[in-house]
Amino acid sequence: MSPEPSSPSGEGRSLDFIRERVRADNASGAYAGRVQTRFPPEPNGFLHIGHAKAVCLNFEVAAETGGTCRLRFDDTNPAGEDAAYAEAIADDIAWLGFEPDGAAVYASDYFEQLYEWAEHLVRQGLAYVDEQGAETISANRGDFSTPGTDSPWRDRSVAENLGLLRDMRVGRFDDGAKVLRARIDMAHPNMLMRDPVMYRIRHTAHFRTGDAWCIYPTYDWAHGQSDAIEGVTHSLCSLEFDAHRQLYDWYLEHLPLPGDRPRQYEFARLNLTHTVTSKRKLSALVDGALVNGWDDPRLPTLRGLRRRGYPPEAIRQFCAHIGVARVNGVHEIELLESFVRTHLNRTAQRRMAVLRPLEVVIDNWPDGRIELRRAPNNPEDPGEGEREVPFSGRLWIERDDFMLDPPRKFYRLAPGREVRLRAGYFLRCDYAETDLDGEVTRLRCTYDPDTDGGQAPDGRKVRATIHWVSADHAVDAAVALYDRLFTDPVPGADGRDPLESYNPASRELIAGAKLEPELKKTAPGEVVQFERLGYFAHDPGTPMLFHRTVGLRDEWANIQKRRQQSS
RNA sequence: UGGCCGGUAGUUCAACUGGCAGAACGUCGGACUUUGGCUCCGGAUGUUGCAGGUUCGAGUCCUGCCCGGCCAGCCA
């Protein structure tokens, strides 16, 4: 077995800055040696590969130091949030292989405490009810080079603010009529510190609290306090929250907290080439029917990757390998794929399938004879045993494995050439039947009975071994082939609409694939290797549909590509 | 335009905090092979963003500049 995915030191690498910090805190006795993290998604969408990095980081950092990691839904904005998303997210985390500490919690669990603390700030003169409209507040915030201007409501009395806040809570005002703001500094160089909004009025039902509340806390007002309530020690988030740390700390400094103060640390989010992860762009693909739903195998959503056949172990190994830093970059999707291949090479059973069938008739095969050939399930793991594959005088082989006029370095079948049939015999092509267009319709071949077992007693060699399926035993199936979702490495990098580089050829459905009969037994969701073609995942819902997870490394394809480029 | 964060092979990250710039993936070549897969061996790839300075010695420290990202939601 390869090094554990969760161990960042498994590759002999040094610790990243977050793990270094956590260990330093532990060593210095901070938080009494306790480590607690959390994964805090908003339940308004599905998790994608970028979230996987955060999930792995939070859970693994905690586990490595004997700490705990909770799943907390950041449900502070009822618009768009739904219990169904929360369930899907919890399910995806479990699939990835992590078990949150205890039952999932919700920021909405703390609405009452948050409100009490809001009154506390009001009483300290550190928060006030503003009734400028949203537009005015925005205009009065100033900009990067201009300080903001104080709201005319900034200096109300504590009593008046308290009364107004209570009126807000009981629903005396319309949406947007008033907000509660922290009273910090309208000239602060950090725009977030210019009297940030803590509560907005929304007469909208919340999926958990129903209509108990009509004021909802903003992210900044809820997040750090939720961390503090739960006893989080290290609050990890992505780089764009860097500027929020100052506010995070400000709120915590001015509140009577039950315990130690959590600290926020930011790391670079994960970006992958040839795909997108922003909710907006993902939605555009789904809504525009450019993909088939949120679990389309082309999508970088966890549900998509799962359906595509990506093993969770490979995703975890990938996340461990890329590490964590404060530089925003783009990872090559090839790296992720290489982890998928490495894992699947060890674990996936081998089968034979012909995607684009070409008929082979073996003229010297005894009439009506059927042999059950034994083939290893996984040469990488003899413990996986063998299976029987029926062999007969009429076979399907891959069209790509035959050429009438083979170029240099093409080692496969051609008129007069001999190859080995995997787990079968040597096979020579005597001639190719063609139609009026010159299209090859059928191959007439002879096999060498002395090559049973795969070797010729006379010592002659073949350059290629090809896969095959007995025509009379073949099972029909549909196979979906996938390519890059976007042709550009970084869609939209040049300022254009990312969708412009959407790859219409990202999915190709092959209806008439021929499978060896053993493949009928493949479990839903199971991933197998179609020999010489790649790894394929059996669709969880549709019986005879396979999705190509990832192809094998293909040297012949590389040769062809190079030739194309040089010509 | 102000503030903050960042800049090391093609890509993502290292470099024990001042001591010979490395790894993985990719790429190229070879060996092996009943998968053109896997495995193994080897090669190539760098003005460490730029320019100065300190030092016996700078990716690392100092100064200036350049480039990229984030911030002006009652989104998270």
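A, B, ... follow the sequence lines: proteins, then strands. Residue 1 opens every chain.
Within 4.0 Å (heavy atoms only), A:Tyr535 reaches no atom of the nucleic acid at all. If you check every strand for non-hydrogen atoms under 4.0 Å, A:Ala243 touches nothing. Backbone-only contact: A:Thr76 has heavy atoms under 4.0 Å from sugar-phosphate atoms and none from a base. Across all strands, A:Gly329 comes closer than 4.0 Å only to sugar-phosphate atoms, never to a base (heavy-atom distances). Residue contacts shown for A:Arg341 are absent, as no nucleic acid heavy atom lies under 4.0 Å away. Looking at heavy-atom distances under 4.0 Å, A:His223 makes no contact with the nucleic acid at all. Residue A:Asn558 is in sugar-phosphate contact alone, with no base atom involved, counting any heavy-atom pair closer than 4.0 Å across all strands shown.
Aromatic stacking is marked for A:Phe144 over B:rC71, as both cut-offs hold: 5.5 Å for the centres and 30° for the planes. Ring-base stacking between A:Tyr411 and B:rG36 is satisfied, the centre separation being under 5.5 Å and the plane angle under 30°.
An OP1 or OP2 oxygen of B:rG36 is reached within less than 4.0 angstrom by a side-chain nitrogen or oxygen of A:Arg532.
Base pairing of B:rC40 is made with B:rG30, judged by Watson-Crick or G-U wobble geometry with both donor-acceptor distances under 3.5 Å.
With ring centers used as reference points, A:Tyr199 lies 6.0 Å or more from A:Tyr216. When ring centroids are compared, A:Phe207 and A:Tyr85 stay outside the 6.0 Å threshold.
At a cut-off of 3.5 angstrom, counting only N and O atoms as typed in the model, there is no donor on one side facing an acceptor on the other between the side-chain of A:Gln246 and the base of B:rG3.
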